[in-house]
K.L.:
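Okay, handing you the structure first.
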Amino acid sequence: MRNPTLTKALSAYASANSAALPPVVAVVRLYETATAHLHQARDAARDGRFDAHFQAMDRAITILLGLDSILKLDKGGDVAATLRRFYRSLVRQAGLAAARRDPVAATEAIIRQLSFMTKAWQTIAAERGVVPSSTGASAKGSHASVIGRSMDHARGGLFG
């Protein structure tokens, strides 16, 4: 029996990657979509609409689980392992956000973490000559270079 959440997550990745997008572009789009869901969750929590908060958080979690599930630990090495810890940490934080004293602040903390990583992936995409989204690449730094070099080293990337 297949996990329905995993099935939805894999479907989200396949959908983002269906137009023969480079994997780095698919990853950026998934990060941006997860961030949009987190913004919806934050706004719903601010308005006291906790059903909507849960639903939006669930959609963000589904994307993060999908990204986690397709990591190639055998090829991605330390970077893939770090991304796994990152995704799982965000999933834990997202699952607990509604129970926090301030779910809005808890959700904003997740948004900040995911935004930092989104900028890193946007930088990688820009370095490879692809434009992943309308927001473009705006971050420079060692975090982007390390991920990009590791993807090159893995010959095929961190993702399936």
Side-chain angles (χ1 to χ4, degrees), residues 1-17 23-125 132-135 137-139 141-144 146-148 150-151 157-160:
M1 181 174 197
R2 195 158 186 156
N3 179 331
T5 299
L6 179 59
T7 301
K8 286 181 359 184
L10 291 174
S11 175
Y13 177 77
S15 174
N17 206 19
V24 68
V25 174
V27 169
V28 168
R29 288 186 181 174
L30 288 167
Y31 276 28
E32 291 172 339
T33 302
T35 301
H37 292 307
L38 290 168
H39 282 279
Q40 292 168 358
R42 179 204 56 208
D43 295 345
R46 181 177 292 135
D47 297 341
R49 296 177 295 115
F50 290 101
D51 285 347
H53 171 82
F54 174 80
Q55 291 171 357
M57 200 61 88
D58 186 54
R59 289 189 294 271
I61 289 170
T62 297
I63 292 169
L64 294 168
L65 289 173
L67 287 164
D68 178 55
S69 73
I70 58 172
L71 285 170
K72 292 181 176 181
L73 295 175
D74 58 330
K75 291 185 178 184
D78 290 340
V79 173
T82 299
L83 285 170
R84 169 148 293 160
R85 286 189 301 276
F86 174 70
Y87 295 143
R88 290 181 177 184
S89 172
L90 291 183
V91 167
R92 272 190 308 280
Q93 291 175 57
L96 296 171
R100 299 285 186 212
R101 181 180 305 240
D102 186 351
V104 173
T107 305
E108 286 175 345
I110 300 166
I111 291 168
R112 281 191 301 275
Q113 293 170 70
L114 192 55
S115 294
F116 178 82
M117 198 62 112
T118 301
K119 289 174 185 171
W121 283 101
Q122 289 169 336
T123 300
I124 294 165
S133 69
S134 59
T135 58
S138 59
S142 61
H143 55 281
V146 169
I147 295 169
S150 297
M151 287 181 69
L158 301 169
F159 300 96

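Any value given below was found using the heavy atoms of this structure, including those in side chains, with hydrogens, waters and symmetry copies removed.
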K.L.:
Using distance only, find each side-chain donor-acceptor pair of residues 95-106 under 3.5 Å and give its atom names and separation, not counting sequence neighbours.
P.N.:
unit_1: Asp102; atom_1: OD1; unit_2: Val104; atom_2: N; d: 3.3
unit_1: Asp102; atom_1: OD1; unit_2: Ala105; atom_2: N; d: 3.2

K.L.:
Please round to the nearest 0.5 Å and tell me the distance separating atom CZ of Arg84 and atom CG of Leu73.
P.N.:
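Spacing of CZ (Arg84) from CG (Leu73) equals 4.5 Å.
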K.L.:
Looking only at the side chains, is there a donor atom on one of Arg85 and Thr82 sitting less than 3.5 Å from an acceptor on the other?
P.N.:
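Thr82 and Arg85 do have a side-chain donor-acceptor pair below 3.5 Å.
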K.L.:
Before giving the answer on side chain to side chain contact (heavy atoms under 4.5 Å, CB included), spell out for Thr62 and Arg59 the whole-Å C-alpha distance, their side-chain angles and the decisive distance to 0.1 Å.
P.N.:
CA-CA 5 Å; Thr62 297; Arg59 289 189 294 271; 5.6 Å; no
K.L.:
To the nearest 0.5 Å, what is the distance between CG (Asp68) and CD1 (Ile61)?
P.N.:
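So the CG of Asp68 and the CD1 of Ile61 are separated by 12.5 Å.
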K.L.:
Assign the ring pair Tyr87 / Tyr31 to parallel, tilted or perpendicular, where the plane angle (0 to 90°) is split at 30° and 60°.
P.N.:
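Plane angle over 60°, so perpendicular.
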K.L.:
Do Gln122 and Thr118 get their side chains close enough for a donor-acceptor pair, meaning under 3.5 Å?
P.N.:
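No, Thr118 and Gln122 have no side-chain donor paired with an acceptor closer than 3.5 Å.
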K.L.:
First locate atom CD of Glu32, then atom CD1 of Ile63, and finally report the distance between them rounded to the nearest 0.5 Å.
P.N.:
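That separation rounds to 11.0 Å.
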K.L.:
Can you tell which of Val91, Leu38, Leu64 makes a side-chain contact (heavy atoms from CB on, under 4.5 Å) with Ile110?
P.N.:
Leu38
K.L.:
Roughly how far apart are Leu65 CG and Arg88 CZ, rounded to 0.5 Å?
P.N.:
8.5 Å
K.L.:
List the steps and the verdict of side chain to side chain contact (heavy atoms under 4.5 Å, CB included) for Asp51 and Phe54.
P.N.:
CA-CA 5 Å; Asp51 285 347; Phe54 174 80; 5.8 Å; no
K.L.:
Say whether, by atom type as modelled, one donor and one acceptor occur between the side chain of His37 and the main chain of Met57 under 3.5 angstrom.
P.N.:
no
K.L.:
Closest approach of Ala80 and Lys72, non-hydrogen atoms and distance?
P.N.:
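Smallest interatomic distance, heavy atoms only, reads CB-O, 3.8 Å.
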K.L.:
Between Ser115 (side chain) and Arg112 (backbone), is there a donor-acceptor pair under 3.5 Å?
P.N.:
no
K.L.:
List the atom of Ala60, the atom of Ala34, and the distance in Å for their closest heavy-atom pair.
P.N.:
CB-O, 3.7 Å
K.L.:
About how many Å separate CG of Asp78 and CG of Leu83, when rounded to the nearest 0.5 Å?
P.N.:
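With rounding to 0.5 Å, CG (Leu83) is 11.0 Å from CG (Asp78).
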K.L.:
Apply side chain to side chain contact (heavy atoms under 4.5 Å, CB included) to Glu108 and Arg46, showing your working.
P.N.:
CA-CA 11 Å; Glu108 286 175 345; Arg46 181 177 292 135; 3.3 Å; yes
